[in-house]
Amino acid sequence: MEQSTLQEKLRLIPAVDKLMADRHLAVLKELYSDEMVKRVVRAALDELRKDVSEGKASQEDFAPEALAIRAERILQKRVGKKLVQVINATGVIVHTNLGRSPLSSRVAERIAQAAMSYSNLEYNLERGHRGERNAHLRQIMLELTGAEAVLAVNNNAAAVLLALDSLASGKEVIVSRGELIEIGGSFRIPDVMARSGAILREVGTTNRTHPKDYIEAINENTALILKVHTSNYRIVGFTREVELDELVSIGREKGIPTMMDLGSGCLVNLSPYGLQDEPTVQEILALGVDVVSFSGDKLLGGPQAGILAGRAEFVEKMRTNPLARALRMDKLTLAALEATFEEYVRAEGPAAGIPTLDMITRAPEKLAEDADGLAAAINTAVGERAYVGIEPGIGRVGGGALPMGDLPGPRVSIRPWEVSAARLERELRSGDPAIIALVKDDTVLIDPRTLLHDQASLIPGLVIEAFDRCQASPDRK
Ligand SMILES: *Cc1c(COP(=O)(O)O)cnc(C)c1O
C-alpha cells in the first residue's frame, strides 16, 4: 500500500470517544464499567490500526458494529469468566483436574448461607464472647471417627506439614522407602518433610520393609513413625510392608508416636461395591495409631480440606502451633465440611447428599438405564453422522485413591463417520458447557456414572453443536 493511502485509511479509524458514544457499544456499557469498555475500545482500535498497516483490514472492519464486536471479544478474553462448569464424562469420579468432589445442593446451600451472613464463626453464643473456629466441627467429627481429638485445616498437604512441624521439627521421622510417595501437583513426602524441619529417616527398600528396619532405626532423636497410604499406586510381587498394627506395637514398646497419612479419608466401608483396598478412618484409628490425616475432597466427598484426628495431646500441639493459623480453613469450607459430615448421619445414608459416594455406589441397573437413555437421545440427535452404541467400560474412583479399584459400567460410544473421534472430542471440549470425554479406537466414549443432575439432558444438543463445528471447518479423518 502506498504511504498516502495508508495515511488516508488510518484517518478513517474513528476516535475513542466517538466510538464510545455509538449505539453498538450500548450493551457492553450496560454490563461493564465505562473505564473497562474504554480500555477495550482502545485495544480494538489499536488492533484495527495494526491490521491496516499490515494491509489486512477490509472496508467492513471500520464499521462501528464490527469494532464493537472486536471490543467485546477483547473484553471476554481479558475479564470474561474462565473458571467454568464442565461435564465430566470420563467416569473418573474424584477427578483432580476437574475439581475432585462435587457438592450436593444441600451442602452448597450452606456455603451460600455462611457467605451471605454473619455467623458464630469465632463466637461462643452461650458465653457471649470469643469462640473457636474448629469447635463447630469437633463434636460431629469425634462422633464419626471415634477419635479423641480433631483439627481441620486447608488441605491434607497442610495437615501433614502441620503434624510434622508440631511433632517432629528438628527430629527424625521414620518412613519406609516403599511409601515415599508423590501425589500429583508436587506433593512429595520427602519435600514436605524437609519443609517441616523434620529429618527423614528412610528404612527398608522399595519393595520390602520389615519390622526390624523400623526398630533398628529408632534412636534418641526419633520423634515419629510415619506410615503413608500408597493411595495412588501399589507395589506388587515380592513385597513386604509393615502393617499399621505392627508399627503401633513397635511405637508403643519404644515410646514413639505413630502417624498415618491416609490420603482419601473414607468413612464408609466400600467393599460391598467391589472396592476392597480402602481402609476407613475409623478402622485406622481403632488400630491405635496416634494421629491420622486425610483429605476432605477425596472419598469423604466434601470440600477441599485436611483433617487431623487422633490422640488429644498430639492434636493439641498442632492446634496451638502458630503454623495452624496460616493453614486454617475459611468459613465457607467450614460450612461445607460441617454439612458434609451431617450427611453421614442422615436416615437416607450418605450417598443421598454426597455425589462422590452416590457415583461410587450407583446400582448397575441404574447405570444401564442411564446409558440406554443417553444413547437413544444421542442417536436420535446425530442421525446419520455417527454410529451410537453402548460398550462396557471401567470407571475409577480417581484422586489418587484406589488405583486397583475398578468400577465397571456401561459407556455410550459415538463413532463418527465423517470426522475423526479425536476431532469430535476436541469440539466437545470447546462447547458450553464443555464435555470432557474419552477417546478409544476412533470412538468417543461417554461414561454416564460421572454425569451430574441435569447434565445428561444437555449432551445430545452439545454433541450436535460439536458435529456442526466439525462440519464448519472440516478435517477429514
Ligand atoms: C491426596 C493425598 C495427599 C494430599 O492431600 P490434599 O488434600 O490434596 O492436599 C497427601 N497424602 C496422601 C497419601 C494423599 O493421597
Side-chain angles (χ1 to χ4, degrees), residues 101 103 106-169 192 195-197 224 257 259-262 265 267 281-282 284-285 289-298 300-346 354:
S101 287
L103 303 177
R106 200 150 58 197
V107 172
E109 178 63 32
R110 292 275 284 278
I111 297 179
Q113 279 172 17
M116 293 190 295
S117 170
Y118 292 110
S119 63
N120 60 338
L121 179 66
E122 289 185 358
Y123 188 79
N124 185 321
L125 288 171
E126 251 170 67
R127 298 203 192 140
H129 62 65
R130 192 176 202 290
E132 199 214 323
R133 165 179 306 241
N134 255 278
H136 308 290
L137 291 172
R138 192 167 293 138
Q139 284 311 322
I140 196 159
M141 276 168 54
L142 297 183
E143 192 70 38
L144 290 170
T145 62
E148 229 175 71
V150 291
L151 178 67
V153 291
N154 189 44
N155 57 18
N156 189 33
V160 174
L161 178 68
L162 181 61
L164 293 174
D165 185 87
S166 309
L167 307 181
S169 188
V192 175
R195 279 285 158 183
S196 73
L224 187 70
M259 169 171 165
M260 172 123 197
D261 173 14
L262 191 50
L267 289 179
V281 175
Q282 306 89 298
I284 293 297
L285 282 166
V289 69
D290 294 297
V291 178
V292 55
S293 75
F294 54 94
S295 289
D297 55 356
K298 292 185 182 170
L300 192 71
Q304 178 190 304
I307 294 152
L308 289 151
R311 246 192 269 277
E313 62 172 299
F314 300 117
V315 174
E316 193 55 20
K317 277 191 182 154
M318 301 175 208
R319 195 180 66 80
T320 53
N321 184 335
L323 198 52
R325 173 63 177 76
L327 304 176
R328 76 180 185 185
M329 63 167 48
D330 77 303
K331 63 180 179 181
L332 307 184
T333 307
L334 189 92
L337 196 55
E338 184 184 36
T340 300
F341 282 129
E342 285 168 23
E343 293 296 337
Y344 281 90
V345 295
R346 281 179 182 273
I354 300 179

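All residue numbers refer to positions in the sequence shown, counting from 1.
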For E316, side-chain hydrogen bond (donor to acceptor under 3.5 Å, both in side chains) partners two or more places apart: R319
For residues 135-152, the side-chain hydrogen bond (donor to acceptor under 3.5 Å, both in side chains) pairs (sequence neighbours left out) are E132-R138
OG (S101) and NZ (K298) are apart, to the nearest 0.5 Å, by 10.5 Å
Before you tell me yes or no, could you show the steps for L300 and Y344 under side chain to side chain contact (heavy atoms under 4.5 Å, CB included), namely the whole-Å CA-CA distance, both residues' side-chain angles and the distance that decides it to 0.1 Å? CA-CA 10 Å; L300 192 71; Y344 281 90; 3.9 Å; yes
What residues, two or more places apart in sequence or in another chain, satisfy side-chain hydrogen bond (donor to acceptor under 3.5 Å, both in side chains) together with R311? D290
Could you tell me which residues satisfy side-chain contact (heavy atoms from CB on, under 4.5 Å) with A305, sequence neighbours excluded, listed by chain and number? M329, T333, L337
Distance from I354 atom CD1 to T340 atom OG1, nearest 0.5 Å? 6.0 Å
Among all residues two or more places apart in sequence or in another chain, which pass the side-chain contact (heavy atoms from CB on, under 4.5 Å) test with V315? A149, L151
Please assess R130 against N124 for the test side chain to side chain contact (heavy atoms under 4.5 Å, CB included), listing each intermediate value before the final yes or no. CA-CA 6 Å; R130 192 176 202 290; N124 185 321; over 6 Å; no
Scanning both residues in full, the closest heavy-atom pair of A336 with V107 reads O-CG1, 3.6 Å
Minimum side-chain heavy-atom gap V345-L144 below 4.5 Å: yes
K317 side chain reached by L167 side chain, heavy atoms, under 4.5 Å: yes
The side-chain hydrogen bond (donor to acceptor under 3.5 Å, both in side chains) partners of R325 (sequence neighbours excluded) come to none
What's the separation between atom CG in N155 and atom CG in D297, rounded to the nearest 0.5 Å? 8.0 Å
So, using side-chain contact (heavy atoms from CB on, under 4.5 Å) as the criterion, who are the partners of N321 when residues are at least two apart? L162, D165, S166, L323
Salt bridge (Lys or Arg N to Asp or Glu O under 4.0 Å) contacts in which one or both residues fall within residues 107-120, not counting sequence neighbours: R110-E338, R110-E342
Heavy-atom pair with the smallest gap, counting every atom of L332 and A114: CD2-C, 4.2 Å
Any residue meeting side-chain contact (heavy atoms from CB on, under 4.5 Å) with R346, in chain and number order, not counting sequence neighbours: R106, E343, E348
Which atom names give the shortest non-hydrogen contact between L137 and A152, and what distance separates them? CD1-CB, 3.8 Å
Got a donor-acceptor contact below 3.5 angstrom from the Q282 side chain to the G146 backbone? no
Specify the closest pair of heavy atoms between F314 and P257, including all atoms of both residues, with the distance to one decimal. CZ-CB, 3.6 Å
Point-to-point distance, once rounded to the nearest 0.5 Å, from CG of L308 to CG of L327: 10.0 Å
V153 vs R328 side-chain heavy atoms within contact, under 4.5 Å: no
If you look at every heavy atom in K331 and R133, which pair is closest and at what distance? N-NH1, 4.1 Å
Judged by atom type as modelled, is there a donor-acceptor pair below 3.5 Å linking the side chain of S196 to the main-chain atoms of L164? no
Identify, with sequence neighbours excluded, every residue that meets side-chain hydrogen bond (donor to acceptor under 3.5 Å, both in side chains) alongside D261. N156, S293
Would a 4.5 Å heavy-atom cut-off, applied to side chains only, mark F341 and I307 as touching? yes
